[in-house]
Amino acid sequence: MPEVVIRDSEDSAPARPFVIVADDDPVVRRLLEVTVRNAGCDVATAKNGDEALELMAGKQPVLAILDVSMPFRSGLEVARELRARGQSVPIIFLTSHTQEQDVLEGFLSGAVDYVFKPFSPRELQARIKAMLLRS
Amino acid sequence: MNAHQLLTPEALPLALAAAAGANLLLIALIVCNKIARDRREIRAGTVRTSVINDVVSLLEGDREDVVLPPPRHHDAVVALDAVLSVLEAIKGDSEAVLVTLLEQSGYIGTLAQRARSRDPVRRCASAMLLGAARSAQGAAVLFELLENDPAPEVRTIAAEALGSIGDPRSVPLIMKALAHAAPFQQLRLAGVLVAMGAAAAPFLEHALREPGEMPITLVLEALSEIGLLEDAQPVLTLLRHASPEVRGRAATLLGAAGVVDSVPDLAFASRDAFWFVRLRIAKALGALGVPDREPAYAAYFAVLQHLLLDDNWHVRRNAAAALAPAGAQGEAILRSDGSAFARAALQQLR
(Lines give C-alpha, C1' and ligand atoms only; values in the text may rest on other atoms or scores of the structure.)
Protein backbone atom coordinates (compact mmCIF):
# COMPACT_ATOMS: atom_id res chain seq x y z
CA MET A 1 0.00 0.00 0.00
CA PRO A 2 1.51 3.38 -0.95
CA GLU A 3 2.67 5.64 1.82
CA VAL A 4 0.45 8.66 2.33
CA VAL A 5 2.17 12.06 2.30
CA ILE A 6 0.90 15.62 2.14
CA ARG A 7 3.01 18.23 0.38
CA ASP A 8 2.72 21.84 1.52
CA SER A 9 4.49 23.03 -1.62
CA GLU A 10 6.72 21.67 -4.35
CA ASP A 11 9.87 22.85 -2.56
CA SER A 12 9.13 21.76 1.01
CA ALA A 13 9.57 18.32 2.52
CA PRO A 14 6.33 16.33 2.58
CA ALA A 15 4.39 16.94 5.79
CA ARG A 16 3.27 13.80 7.49
CA PRO A 17 -0.44 13.61 8.28
CA PHE A 18 -1.21 14.43 11.90
CA VAL A 19 -3.35 11.99 13.85
CA ILE A 20 -4.67 12.19 17.41
CA VAL A 21 -5.08 9.08 19.50
CA ALA A 22 -7.01 8.97 22.79
CA ASP A 23 -7.31 6.01 25.19
CA ASP A 24 -7.16 5.81 28.97
CA ASP A 25 -5.20 2.52 28.91
CA PRO A 26 -1.45 3.36 28.64
CA VAL A 27 -0.63 0.04 26.92
CA VAL A 28 -3.30 0.56 24.26
CA ARG A 29 -2.19 4.17 23.83
CA ARG A 30 1.38 3.03 23.23
CA LEU A 31 0.27 0.38 20.72
CA LEU A 32 -1.88 2.91 18.87
CA GLU A 33 0.99 5.40 18.79
CA VAL A 34 3.28 2.80 17.22
CA THR A 35 0.63 1.67 14.76
CA VAL A 36 -0.12 5.23 13.62
CA ARG A 37 3.60 6.03 13.22
CA ASN A 38 4.04 2.86 11.16
CA ALA A 39 1.20 4.10 8.95
CA GLY A 40 3.38 7.12 8.10
CA CYS A 41 1.73 9.69 10.35
CA ASP A 42 2.74 12.01 13.14
CA VAL A 43 0.80 11.33 16.30
CA ALA A 44 -0.19 13.02 19.54
CA THR A 45 -1.73 11.00 22.36
CA ALA A 46 -4.33 11.87 24.99
CA LYS A 47 -5.33 10.06 28.18
CA ASN A 48 -8.96 11.16 28.13
CA GLY A 49 -11.59 13.02 26.14
CA ASP A 50 -10.77 16.46 27.58
CA GLU A 51 -7.10 16.17 26.64
CA ALA A 52 -8.10 15.03 23.15
CA LEU A 53 -10.26 18.13 22.67
CA GLU A 54 -7.42 20.37 23.89
CA LEU A 55 -5.04 18.81 21.36
CA MET A 56 -7.58 19.25 18.55
CA ALA A 57 -8.08 22.90 19.44
CA GLY A 58 -4.37 23.46 18.83
CA LYS A 59 -3.78 21.63 15.54
CA GLN A 60 -6.41 20.15 13.22
CA PRO A 61 -5.72 16.44 12.75
CA VAL A 62 -6.56 14.52 9.57
CA LEU A 63 -7.88 11.65 11.70
CA ALA A 64 -8.74 10.93 15.32
CA ILE A 65 -8.74 7.46 16.88
CA LEU A 66 -10.81 7.57 20.04
CA ASP A 67 -11.61 4.97 22.67
CA VAL A 68 -15.35 5.00 23.28
CA SER A 69 -15.09 4.56 27.07
CA MET A 70 -12.82 7.15 28.65
CA PRO A 71 -12.92 9.07 31.93
CA PHE A 72 -14.22 12.67 32.09
CA ARG A 73 -15.46 12.64 28.51
CA SER A 74 -16.17 9.59 26.39
CA GLY A 75 -15.17 9.23 22.76
CA LEU A 76 -18.82 9.71 21.71
CA GLU A 77 -19.03 12.98 23.66
CA VAL A 78 -15.80 14.19 22.05
CA ALA A 79 -17.27 13.43 18.63
CA ARG A 80 -20.45 15.37 19.42
CA GLU A 81 -18.44 18.29 20.77
CA LEU A 82 -16.37 18.40 17.56
CA ARG A 83 -19.55 18.43 15.45
CA ALA A 84 -20.92 21.24 17.60
CA ARG A 85 -17.72 23.23 17.02
CA GLY A 86 -17.97 22.65 13.28
CA GLN A 87 -14.78 20.55 13.16
CA SER A 88 -15.22 17.72 10.70
CA VAL A 89 -12.43 15.37 11.78
CA PRO A 90 -12.85 11.78 10.58
CA ILE A 91 -13.04 9.54 13.63
CA ILE A 92 -12.26 5.87 14.14
CA PHE A 93 -13.80 4.55 17.36
CA LEU A 94 -12.03 1.88 19.33
CA THR A 95 -14.18 -0.18 21.66
CA SER A 96 -14.50 -3.50 23.41
CA HIS A 97 -18.31 -3.24 23.35
CA THR A 98 -19.92 -5.13 20.52
CA GLN A 99 -23.48 -4.09 21.24
CA GLU A 100 -25.25 -2.99 18.09
CA GLN A 101 -26.71 0.04 19.85
CA ASP A 102 -23.23 1.34 20.79
CA VAL A 103 -22.02 0.92 17.21
CA LEU A 104 -25.07 2.71 15.79
CA GLU A 105 -24.61 5.55 18.28
CA GLY A 106 -20.99 5.84 17.22
CA PHE A 107 -21.81 6.15 13.54
CA LEU A 108 -24.53 8.67 14.32
CA SER A 109 -21.93 10.69 16.25
CA GLY A 110 -19.75 10.90 13.18
CA ALA A 111 -17.51 7.83 13.14
CA VAL A 112 -16.17 6.72 9.78
CA ASP A 113 -15.06 3.36 11.10
CA TYR A 114 -15.18 1.13 14.15
CA VAL A 115 -12.41 -1.10 15.46
CA PHE A 116 -13.11 -3.63 18.18
CA LYS A 117 -10.63 -4.58 20.88
CA PRO A 118 -8.56 -6.68 20.76
CA PHE A 119 -7.43 -5.16 17.47
CA SER A 120 -4.90 -6.21 14.87
CA PRO A 121 -2.24 -3.46 14.54
CA ARG A 122 -1.62 -4.42 10.90
CA GLU A 123 -5.32 -4.23 10.08
CA LEU A 124 -5.66 -0.86 11.81
CA GLN A 125 -2.63 0.43 9.93
CA ALA A 126 -4.23 -0.63 6.64
CA ARG A 127 -7.50 1.08 7.59
CA ILE A 128 -5.68 4.31 8.46
CA LYS A 129 -3.79 4.33 5.17
CA ALA A 130 -6.94 3.57 3.19
CA MET A 131 -8.83 6.36 4.95
CA LEU A 132 -6.06 8.89 4.33
CA LEU A 133 -5.89 7.92 0.66
CA ARG A 134 -9.67 8.38 0.32
CA SER A 135 -9.54 11.80 1.95
CA MET B 1 10.00 -10.44 88.57
CA ASN B 2 6.42 -9.31 89.14
CA ALA B 3 4.61 -6.05 88.49
CA HIS B 4 5.30 -4.62 91.91
CA GLN B 5 9.03 -5.14 91.46
CA LEU B 6 8.91 -3.46 88.04
CA LEU B 7 7.25 -0.38 89.46
CA THR B 8 9.85 0.37 92.11
CA PRO B 9 11.68 3.70 91.69
CA GLU B 10 14.93 1.85 90.90
CA ALA B 11 13.46 -0.47 88.24
CA LEU B 12 11.25 2.13 86.53
CA PRO B 13 13.96 3.86 84.40
CA LEU B 14 15.08 0.44 83.15
CA ALA B 15 11.51 -0.54 82.27
CA LEU B 16 10.93 2.77 80.46
CA ALA B 17 14.21 2.40 78.55
CA ALA B 18 13.21 -1.15 77.50
CA ALA B 19 9.79 0.07 76.31
CA ALA B 20 11.39 2.94 74.35
CA GLY B 21 13.83 0.53 72.79
CA ALA B 22 11.02 -1.81 71.74
CA ASN B 23 9.12 1.13 70.23
CA LEU B 24 12.16 2.25 68.28
CA LEU B 25 12.70 -1.28 67.04
CA LEU B 26 9.08 -1.51 65.93
CA ILE B 27 9.29 1.86 64.14
CA ALA B 28 12.52 0.78 62.47
CA LEU B 29 10.87 -2.45 61.29
CA ILE B 30 7.87 -0.54 59.87
CA VAL B 31 10.13 1.96 58.06
CA CYS B 32 12.36 -0.80 56.65
CA ASN B 33 9.30 -2.72 55.50
CA LYS B 34 7.93 0.38 53.76
CA ILE B 35 11.27 1.10 52.11
CA ALA B 36 11.50 -2.50 50.90
CA ARG B 37 7.91 -2.40 49.58
CA ASP B 38 8.52 0.90 47.79
CA ARG B 39 11.68 -0.48 46.22
CA ARG B 40 9.80 -3.58 45.07
CA GLU B 41 7.07 -1.40 43.54
CA ILE B 42 9.60 0.83 41.80
CA ARG B 43 11.43 -2.22 40.49
CA ALA B 44 8.16 -3.80 39.35
CA GLY B 45 7.24 -0.58 37.54
CA THR B 46 10.66 -0.45 35.87
CA VAL B 47 10.47 -4.09 34.80
CA ARG B 48 6.91 -3.66 33.51
CA THR B 49 7.77 -0.55 31.47
CA SER B 50 10.92 -2.17 30.10
CA VAL B 51 9.09 -5.36 29.05
CA ILE B 52 6.24 -3.42 27.43
CA ASN B 53 8.72 -1.25 25.50
CA ASP B 54 10.66 -4.33 24.36
CA VAL B 55 7.50 -6.16 23.33
CA VAL B 56 6.12 -3.18 21.41
CA SER B 57 9.49 -2.80 19.66
CA LEU B 58 9.31 -6.49 18.76
CA LEU B 59 5.85 -5.97 17.25
CA GLU B 60 7.05 -2.85 15.49
CA GLY B 61 9.84 -4.87 13.88
CA ASP B 62 12.61 -2.85 15.55
CA ARG B 63 13.86 -5.87 17.46
CA GLU B 64 14.52 -9.45 16.42
CA ASP B 65 13.76 -10.94 19.79
CA VAL B 66 13.02 -10.13 23.41
CA VAL B 67 14.52 -11.89 26.40
CA LEU B 68 12.09 -12.22 29.28
CA PRO B 69 13.17 -13.06 32.84
CA PRO B 70 13.15 -16.84 33.45
CA PRO B 71 9.70 -18.09 34.56
CA ARG B 72 10.83 -18.73 38.14
CA HIS B 73 12.71 -15.44 38.49
CA HIS B 74 11.34 -12.92 41.01
CA ASP B 75 10.56 -10.51 38.12
CA ALA B 76 8.64 -13.17 36.18
CA VAL B 77 5.22 -12.31 37.57
CA VAL B 78 5.54 -8.67 36.53
CA ALA B 79 7.01 -9.60 33.14
CA LEU B 80 4.17 -12.03 32.42
CA ASP B 81 1.58 -9.44 33.47
CA ALA B 82 3.19 -6.88 31.15
CA VAL B 83 3.13 -9.22 28.14
CA LEU B 84 -0.47 -10.25 28.88
CA SER B 85 -1.54 -6.60 29.10
CA VAL B 86 -0.25 -6.07 25.55
CA LEU B 87 -1.74 -9.38 24.36
CA GLU B 88 -5.13 -8.34 25.76
CA ALA B 89 -5.24 -5.39 23.36
CA ILE B 90 -4.22 -7.08 20.10
CA LYS B 91 -4.99 -9.97 17.79
CA GLY B 92 -3.82 -11.34 14.46
CA ASP B 93 -0.14 -11.74 13.53
CA SER B 94 0.98 -9.62 16.47
CA GLU B 95 -0.89 -11.91 18.85
CA ALA B 96 0.91 -14.95 17.39
CA VAL B 97 4.30 -13.25 17.94
CA LEU B 98 3.61 -12.69 21.64
CA VAL B 99 2.16 -16.16 22.22
CA THR B 100 5.29 -17.68 20.65
CA LEU B 101 7.44 -15.45 22.89
CA LEU B 102 5.67 -16.76 25.99
CA GLU B 103 5.93 -20.37 24.83
CA GLN B 104 9.63 -20.11 23.96
CA SER B 105 10.44 -18.31 27.21
CA GLY B 106 9.00 -21.24 29.17
CA TYR B 107 6.10 -19.35 30.74
CA ILE B 108 3.39 -21.58 29.26
CA GLY B 109 5.23 -24.72 30.38
CA THR B 110 5.58 -23.36 33.92
CA LEU B 111 1.90 -22.40 34.07
CA ALA B 112 0.98 -25.85 32.76
CA GLN B 113 2.97 -27.41 35.61
CA ARG B 114 1.29 -25.15 38.17
CA ALA B 115 -2.10 -26.13 36.71
CA ARG B 116 -1.39 -29.61 38.11
CA SER B 117 -0.80 -28.29 41.65
CA ARG B 118 -2.59 -29.91 44.59
CA ASP B 119 -3.85 -26.49 45.60
CA PRO B 120 -7.08 -25.62 43.72
CA VAL B 121 -6.39 -21.88 44.11
CA ARG B 122 -3.09 -22.29 42.24
CA ARG B 123 -4.85 -24.36 39.59
CA CYS B 124 -7.47 -21.60 39.19
CA ALA B 125 -4.79 -18.89 38.91
CA SER B 126 -2.83 -20.92 36.34
CA ALA B 127 -5.97 -21.62 34.30
CA MET B 128 -6.82 -17.90 34.20
CA LEU B 129 -3.32 -16.99 33.04
CA LEU B 130 -3.30 -19.77 30.41
CA GLY B 131 -6.59 -18.39 29.05
CA ALA B 132 -5.15 -14.87 28.92
CA ALA B 133 -2.05 -16.20 27.12
CA ARG B 134 -4.23 -17.73 24.33
CA SER B 135 -1.66 -20.45 23.68
CA ALA B 136 -2.55 -23.71 21.93
CA GLN B 137 -0.10 -25.48 24.26
CA GLY B 138 -1.96 -24.03 27.22
CA ALA B 139 -5.32 -25.03 25.73
CA ALA B 140 -4.37 -28.71 26.02
CA VAL B 141 -3.91 -28.28 29.78
CA LEU B 142 -7.19 -26.39 30.05
CA PHE B 143 -9.04 -29.23 28.31
CA GLU B 144 -7.62 -31.60 30.92
CA LEU B 145 -8.75 -29.36 33.75
CA LEU B 146 -12.23 -28.93 32.25
CA GLU B 147 -12.72 -32.64 31.87
CA ASN B 148 -11.05 -34.05 34.94
CA ASP B 149 -10.54 -31.50 37.70
CA PRO B 150 -12.42 -32.42 40.89
CA ALA B 151 -13.05 -28.77 41.89
CA PRO B 152 -16.08 -27.16 40.15
CA GLU B 153 -14.56 -23.66 40.37
CA VAL B 154 -11.41 -24.84 38.56
CA ARG B 155 -13.56 -26.43 35.83
CA THR B 156 -15.56 -23.20 35.48
CA ILE B 157 -12.41 -21.10 35.18
CA ALA B 158 -10.90 -23.57 32.69
CA ALA B 159 -14.10 -23.27 30.63
CA GLU B 160 -13.91 -19.47 30.74
CA ALA B 161 -10.25 -19.63 29.74
CA LEU B 162 -11.04 -21.89 26.77
CA GLY B 163 -13.88 -19.58 25.85
CA SER B 164 -11.50 -16.63 25.70
CA ILE B 165 -9.18 -18.67 23.45
CA GLY B 166 -12.24 -19.48 21.32
CA ASP B 167 -11.46 -23.12 20.65
CA PRO B 168 -14.75 -24.65 19.34
CA ARG B 169 -13.71 -28.15 20.51
CA SER B 170 -14.31 -26.96 24.05
CA VAL B 171 -18.03 -26.32 23.50
CA PRO B 172 -19.30 -29.90 24.16
CA LEU B 173 -17.17 -30.07 27.31
CA ILE B 174 -18.43 -26.70 28.50
CA MET B 175 -22.03 -27.82 27.97
CA LYS B 176 -21.32 -31.03 29.90
CA ALA B 177 -19.74 -29.00 32.74
CA LEU B 178 -22.73 -26.67 32.69
CA ALA B 179 -25.14 -29.55 33.24
CA HIS B 180 -23.46 -30.42 36.55
CA ALA B 181 -22.62 -26.94 37.79
CA ALA B 182 -24.20 -24.83 40.54
CA PRO B 183 -26.70 -22.20 39.28
CA PHE B 184 -24.30 -19.24 39.48
CA GLN B 185 -21.61 -21.26 37.68
CA GLN B 186 -24.16 -22.23 35.05
CA LEU B 187 -24.69 -18.54 34.31
CA ARG B 188 -20.95 -18.00 33.93
CA LEU B 189 -20.59 -20.98 31.63
CA ALA B 190 -23.59 -19.88 29.58
CA GLY B 191 -21.82 -16.53 29.24
CA VAL B 192 -18.77 -18.33 27.87
CA LEU B 193 -20.91 -20.04 25.23
CA VAL B 194 -22.52 -16.73 24.26
CA ALA B 195 -19.08 -15.15 23.90
CA MET B 196 -18.07 -17.99 21.56
CA GLY B 197 -21.00 -17.07 19.35
CA ALA B 198 -21.27 -18.91 16.04
CA ALA B 199 -18.90 -21.67 17.23
CA ALA B 200 -21.28 -22.64 20.03
CA ALA B 201 -24.58 -22.16 18.16
CA PRO B 202 -24.73 -25.61 16.44
CA PHE B 203 -24.14 -27.42 19.74
CA LEU B 204 -26.79 -25.35 21.48
CA GLU B 205 -29.29 -26.07 18.70
CA HIS B 206 -28.53 -29.76 19.04
CA ALA B 207 -29.34 -29.46 22.75
CA LEU B 208 -32.77 -28.07 21.77
CA ARG B 209 -33.50 -31.09 19.59
CA GLU B 210 -32.12 -33.63 22.04
CA PRO B 211 -32.46 -32.14 25.48
CA GLY B 212 -29.90 -33.47 27.95
CA GLU B 213 -29.12 -32.13 31.35
CA MET B 214 -28.48 -28.55 30.29
CA PRO B 215 -31.45 -26.40 31.34
CA ILE B 216 -33.53 -25.61 28.28
CA THR B 217 -34.04 -22.00 29.42
CA LEU B 218 -30.26 -21.44 29.43
CA VAL B 219 -29.97 -22.94 25.94
CA LEU B 220 -32.71 -20.62 24.66
CA GLU B 221 -31.20 -17.59 26.40
CA ALA B 222 -27.72 -18.30 25.05
CA LEU B 223 -29.02 -18.76 21.50
CA SER B 224 -31.02 -15.51 21.83
CA GLU B 225 -27.85 -13.64 22.81
CA ILE B 226 -25.96 -15.19 19.89
CA GLY B 227 -28.88 -14.48 17.55
CA LEU B 228 -28.36 -17.48 15.28
CA LEU B 229 -30.88 -20.24 14.53
CA GLU B 230 -30.66 -22.65 11.62
CA ASP B 231 -33.73 -24.75 12.30
CA ALA B 232 -36.67 -22.92 13.89
CA GLN B 233 -38.99 -25.95 14.15
CA PRO B 234 -37.86 -27.14 17.62
CA VAL B 235 -38.28 -23.57 18.91
CA LEU B 236 -41.78 -23.29 17.42
CA THR B 237 -42.65 -26.49 19.27
CA LEU B 238 -41.37 -24.93 22.49
CA LEU B 239 -43.97 -22.16 22.14
CA ARG B 240 -46.37 -24.83 23.44
CA HIS B 241 -44.10 -26.06 26.29
CA ALA B 242 -45.60 -26.67 29.72
CA SER B 243 -43.37 -24.06 31.34
CA PRO B 244 -44.27 -20.39 30.68
CA GLU B 245 -40.59 -19.48 31.19
CA VAL B 246 -39.65 -21.76 28.27
CA ARG B 247 -42.53 -20.45 26.11
CA GLY B 248 -41.42 -16.87 26.73
CA ARG B 249 -37.77 -17.54 25.96
CA ALA B 250 -38.71 -19.44 22.81
CA ALA B 251 -40.53 -16.31 21.63
CA THR B 252 -37.50 -14.15 22.46
CA LEU B 253 -35.22 -16.46 20.45
CA LEU B 254 -37.49 -16.35 17.40
CA GLY B 255 -37.39 -12.56 17.51
CA ALA B 256 -33.62 -12.37 18.09
CA ALA B 257 -32.89 -14.82 15.27
CA GLY B 258 -35.12 -12.94 12.82
CA VAL B 259 -37.47 -15.85 12.05
CA VAL B 260 -40.11 -13.82 10.24
CA ASP B 261 -42.09 -16.91 9.25
CA SER B 262 -42.78 -17.57 12.94
CA VAL B 263 -45.20 -14.61 13.16
CA PRO B 264 -48.35 -16.75 12.73
CA ASP B 265 -47.10 -19.10 15.49
CA LEU B 266 -46.32 -16.11 17.72
CA ALA B 267 -49.79 -14.74 17.00
CA PHE B 268 -51.35 -18.01 18.15
CA ALA B 269 -49.09 -18.10 21.23
CA SER B 270 -50.07 -14.53 22.15
CA ARG B 271 -53.23 -15.89 23.77
CA ASP B 272 -51.00 -17.17 26.58
CA ALA B 273 -52.37 -16.88 30.11
CA PHE B 274 -49.12 -15.46 31.48
CA TRP B 275 -48.48 -11.74 30.88
CA PHE B 276 -44.69 -12.11 30.72
CA VAL B 277 -45.03 -14.62 27.86
CA ARG B 278 -47.27 -12.15 25.97
CA LEU B 279 -44.70 -9.41 26.76
CA ARG B 280 -41.87 -11.44 25.23
CA ILE B 281 -44.05 -12.09 22.18
CA ALA B 282 -44.70 -8.35 21.78
CA LYS B 283 -40.95 -7.65 22.07
CA ALA B 284 -40.14 -10.45 19.61
CA LEU B 285 -42.56 -8.98 17.08
CA GLY B 286 -40.90 -5.60 17.53
CA ALA B 287 -37.48 -7.18 16.93
CA LEU B 288 -38.74 -8.98 13.78
CA GLY B 289 -40.23 -5.90 12.18
CA VAL B 290 -42.95 -5.92 9.51
CA PRO B 291 -42.80 -9.13 7.44
CA ASP B 292 -42.59 -8.77 3.70
CA ARG B 293 -44.75 -11.78 2.87
CA GLU B 294 -48.01 -13.44 3.73
CA PRO B 295 -49.43 -14.88 5.87
CA ALA B 296 -46.95 -13.31 8.30
CA TYR B 297 -47.81 -9.76 7.21
CA ALA B 298 -51.52 -9.92 8.06
CA ALA B 299 -50.90 -11.86 11.28
CA TYR B 300 -48.34 -9.26 12.41
CA PHE B 301 -50.69 -6.31 12.54
CA ALA B 302 -53.61 -8.38 13.81
CA VAL B 303 -51.70 -9.69 16.82
CA LEU B 304 -50.18 -6.32 17.72
CA GLN B 305 -53.55 -4.63 17.48
CA HIS B 306 -54.87 -7.29 19.83
CA LEU B 307 -51.94 -6.86 22.25
CA LEU B 308 -52.60 -3.10 22.36
CA LEU B 309 -55.75 -4.00 24.27
CA ASP B 310 -53.98 -6.35 26.70
CA ASP B 311 -54.83 -5.97 30.37
CA ASN B 312 -51.15 -5.69 31.27
CA TRP B 313 -49.52 -2.29 30.68
CA HIS B 314 -46.05 -3.75 29.89
CA VAL B 315 -47.60 -5.71 27.05
CA ARG B 316 -49.57 -2.68 25.77
CA ARG B 317 -46.47 -0.45 25.90
CA ASN B 318 -44.34 -2.91 23.94
CA ALA B 319 -47.07 -3.55 21.40
CA ALA B 320 -47.24 0.21 20.78
CA ALA B 321 -43.44 0.37 20.51
CA ALA B 322 -43.52 -2.44 17.90
CA LEU B 323 -46.23 -0.68 15.85
CA ALA B 324 -44.54 2.72 15.82
CA PRO B 325 -41.87 1.89 13.20
CA ALA B 326 -44.26 -0.35 11.25
CA GLY B 327 -45.07 2.18 8.55
CA ALA B 328 -48.43 3.70 7.63
CA GLN B 329 -50.47 0.74 8.81
CA GLY B 330 -48.80 0.73 12.20
CA GLU B 331 -49.39 4.47 12.58
CA ALA B 332 -53.03 4.08 11.60
CA ILE B 333 -53.56 1.40 14.26
CA LEU B 334 -51.93 3.59 16.90
CA ARG B 335 -54.04 6.61 15.94
CA SER B 336 -57.26 4.64 16.08
CA ASP B 337 -56.25 3.18 19.47
CA GLY B 338 -55.67 6.60 21.03
CA SER B 339 -54.30 5.21 24.32
CA ALA B 340 -51.50 6.96 26.23
CA PHE B 341 -48.92 4.40 25.03
CA ALA B 342 -50.10 4.75 21.43
CA ARG B 343 -49.83 8.55 21.63
CA ALA B 344 -46.36 8.30 23.22
CA ALA B 345 -45.19 5.91 20.48
CA LEU B 346 -46.50 8.28 17.78
CA GLN B 347 -44.80 11.19 19.53
CA GLN B 348 -41.45 9.40 19.41
CA LEU B 349 -41.84 8.95 15.66
CA ARG B 350 -41.88 12.70 15.24
Side-chain angles (χ1 to χ4, degrees), chain A residues 1 3 16 19 21-43 45-47 65-70 75 92-105 108 113-130, chain B residues 45-63 66 78-99 131-134 163-166 191 194-198 224-228 255-258 286-287 289 321 325:
Chain A
M1 193 166 281
E3 192 173 324
R16 285 157 61 97
V19 175
V21 149
D23 196 298
D24 56 325
D25 184 327
V27 172
V28 174
R29 215 165 42 241
R30 181 77 209 281
L31 284 166
L32 289 171
E33 188 181 359
V34 163
T35 303
V36 169
R37 284 228 164 83
N38 285 350
C41 305
D42 286 337
V43 60
T45 62
K47 289 196 286 290
I65 302 176
L66 307 177
D67 183 21
V68 169
S69 311
M70 283 190 288
I92 296 178
F93 278 125
L94 194 62
T95 183
S96 50
H97 299 140
T98 54
Q99 297 292 328
E100 185 183 88
Q101 190 52 42
D102 293 335
V103 176
L104 290 174
E105 209 183 322
L108 285 170
D113 205 352
Y114 241 97
V115 172
F116 295 101
K117 293 181 195 175
F119 66 93
S120 162
R122 278 178 62 177
E123 186 189 310
L124 179 56
Q125 218 181 89
R127 283 174 191 250
I128 292 168
K129 285 182 176 176
Chain B
T46 307
V47 168
R48 184 182 162 82
T49 304
S50 166
V51 168
I52 288 177
N53 285 339
D54 288 349
V55 159
V56 172
S57 299
L58 179 71
L59 296 178
E60 211 174 350
D62 283 353
R63 289 178 71 118
V66 165
V78 173
L80 178 61
D81 182 65
V83 176
L84 291 179
S85 67
V86 179
L87 194 51
E88 191 185 7
I90 58 169
K91 64 178 185 184
D93 292 348
S94 306
E95 175 190 347
V97 167
L98 293 190
V99 172
R134 296 192 232 152
S164 69
I165 293 173
V194 169
M196 293 181 78
S224 298
E225 294 281 328
I226 295 169
L228 287 173

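Note: hydrogens, waters and symmetry copies are ignored here, and every other heavy atom, side chains too, is used.
Here B:V86 is the residue among B:V86, B:L87, B:I52 with the most heavy-atom pairs under 4.5 Å with chain A.
For B:L80, the side chain to side chain contact (heavy atoms under 4.5 Å, CB included) test picks out B:L84, B:L102, B:Y107, B:L111, B:L129, with sequence neighbours left out. Residues that satisfy the salt bridge (charged side-chain N to carboxylate O under 4.0 Å, His left out) test with B:R48, not counting sequence neighbours, are B:D81.
Contact detail for B:K91 and A:P121: the closest heavy-atom pair is O-CD, 3.9 Å.
Using a 4.5 Å heavy-atom cutoff, the side chains of A:L31 and B:I90 are in contact.
Counting heavy atoms of neighbouring residues, nucleotides and ligands inside a 6.0 Å radius, atom NZ of A:K117 exceeds 12 of them. In B:E88, the CD atom is not crowded: 12 or fewer heavy atoms of neighbouring residues, nucleotides or ligands sit closer than 6.0 Å.
The part of B:S94 that comes within reach of chain A is its side chain, from C-beta onward, which places non-hydrogen atoms under 4.5 angstrom from that chain.
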